[in-house]
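Below: the structure, in structure tokens.
What you see below is based on every heavy atom in this structure, not just the backbone, and it leaves out hydrogens, waters and symmetry mates. Throughout, residue positions are numbered sequentially from 1 according to the sequence presented.
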Amino acid sequence: MNNKFIISKITCGFWFLFAAFNLIVRVLLLGQFANIVTVAFSLIVALIILACIKKQRRKPIVTMNCVGATVVFIAYFNFAGTAIFNSISLKAPFSTFCYSNDIKYIHSGKDTEFPDKLPADVSNCTIDFVPPVLQGSGFVEVTFNTSEKVCDEYITRYSEMAILPALTVAELNGQKESEILTNINDYVDTEDPITVSDLCIDIPHDVSQEYPDAEVYVVRSNFNWNHPHSFTFICDRESGFVMMRELG
């Protein structure tokens with residue numbers, strides 16, 4: 001190996017590996033399609049360095065610029081670009097294929113209220129993930145349709161985990177009276193009195209409109225509207241619609 005070009009060769013190899021990692025892991029396995037930009041950028045830089053090496057040109061400014069670009073780009077990728085490059089927005093069939101990988105990635109392999117895998121008869125699955133940036137609250141949302149049998153299995157599971165009795169979407173939106181929400185402090189053991197907004201439940205508008213009678217199970221909440229952390233399970237048994245939503 002010619003020591004004259006060792007830094008350039010190492011830098012070039014890094015960019016090729018970085019491109020391969022993003023293509024295989026982030027794009028194909030996780031479904032983070034915005035990382036196509038990362039792959040293209042990495043390959044362009046790698047090919048420029050490779051061209052300089054093949055032409056036997058010793059240009060320190062080219063090498064140092066590439067090293068500098070590496071540092072700057074990685075810093076951007078892990079901070080300013082977090083929400084863009086780490087976000088996930090998938091529909092079937094990609095969502096079904098990527099689900100298990102996405103859930104493990106989002107929660108760093110730790111235990112979560114999300115199921116490890118989707119039911120065999122799942123359809124119309126969507127996955128949306130926006131990571132939290134600074135003090136902003138990110139969210140994970142999984143929706144799909146399944147059979148009544150699977151709905152019943154999920155209802156049994158999440159009703160046992162829930163911190164409140166089952167509510168309906170209409171009750172949470174104030175379209176129907178709810179004895180539970182009116183007397184919410186009788187059901188939740190907290191030091192300070194809480195209101196409905198403290199539950200940190202955010203149901204998308206289209207779901208509220210289409211499934212007003214869907215059952216809502218509040219599995220977890222820190223009762224802090226300013227820094228919310230919650231997990232909610234929503235199920236409309238009649239249509240087979242299921243939504244699992246984690247906030248914060």
request  = Using a strict 4.0 Å threshold on nitrogen-to-oxygen distance, state whether K176 and E171 make a salt bridge.
outcome  = no
ask   = Passes side-chain contact (heavy atoms from CB on, under 4.5 Å), F129 versus E246? Steps please.
value = CA-CA 9 Å; F129 166 59; E246 182 176 44; over 6 Å; no
Determine the minimum heavy-atom distance between [X] and [Y], stating which atoms define it.
X    : Y    : result
V27  : F33  : O-CE2, 3.8 Å
L181 : S178 : N-OG, 3.2 Å
L30  : D102 : O-OD1, 2.6 Å
C151 : V242 : SG-CG2, 4.1 Å
W225 : S197 : CB-O, 4.4 Å
C235 : I155 : SG-CD1, 4.2 Å

request  = Please work out whether the ring planes of F18 and W15 are parallel, tilted or perpendicular, with thresholds of 30° and 60°.
outcome  = perpendicular
ask   = Parallel under 30°, tilted from 30 to 60°, perpendicular over 60°: which one fits the rings of F231 and Y158?
value = parallel
Tell me, do [X] and [Y] make a side-chain contact under 4.5 Å, heavy atoms counted?
X    : Y    : answer
M161 : F233 : no
V37  : F85  : yes
D116 : K104 : no
F21  : S42  : no
I184 : T195 : no

In Å, rounded to the nearest 0.5 Å, how long is the span from [atom1] of [X] to [atom2] of [Y]?
X    : Y    : atom1 : atom2 : answer
I88  : C98  : CD1   : SG    : 8.0 Å
H229 : N224 : NE2   : CG    : 8.0 Å
M243 : F144 : CE    : CZ    : 11.0 Å
N22  : N35  : CG    : CG    : 5.0 Å
T232 : L199 : OG1   : CG    : 8.5 Å
I201 : I234 : CD1   : CD1   : 7.5 Å

query = So D198 and D192, side-chain contact (heavy atoms from CB on, under 4.5 Å) or not? Walk me through it.
reply = CA-CA 11 Å; D198 293 321; D192 301 315; over 6 Å; no
Any chain of hydrophobic side-chain contacts (each under 4.5 Å) joining [X] to [Y]?
X    : Y    : value
L23  : F14  : no
V122 : L90  : yes
L118 : Y105 : yes
I36  : L29  : no
V196 : Y187 : yes

Would you check if the side chain of [X] reaches a backbone N or O of [Y] as a donor-acceptor pair within less than 3.5 Å?
X    : Y    : result
D128 : S89  : no
S230 : C200 : yes
T96  : S123 : no
D236 : S239 : yes

Do [X] and [Y] pair up side chain to side chain, a donor and an acceptor below 3.5 Å, judged on atom types alone?
X    : Y    : answer
S208 : N173 : yes
T126 : S95  : no
D213 : T168 : no
R157 : Y217 : no

Heavy atoms of other groups near [X] [atom1], more than 12 under 6.0 Å:
X    : atom1 : value
F16  : CZ    : yes
E238 : CD    : no
D206 : CG    : yes

request  = Any chance you could lay out the side-chain contact (heavy atoms from CB on, under 4.5 Å) test for R245 and F139, step after step, and finish with the verdict?
outcome  = CA-CA 7 Å; R245 200 168 202 275; F139 69 88; 3.8 Å; yes
message = What verdict does the side-chain contact (heavy atoms from CB on, under 4.5 Å) test give for E113 and M244, after you've listed the backbone C-alpha separation in whole Å, the side-chain angles of each residue and the deciding distance to 0.1 Å?
response = CA-CA 9 Å; E113 292 91 346; M244 303 173 191; over 6 Å; no
ask   = Can you name the ring-ring contact (aromatic ring centres under 6.0 Å, His included) partners of F241, sequence neighbours left out?
value = Y211
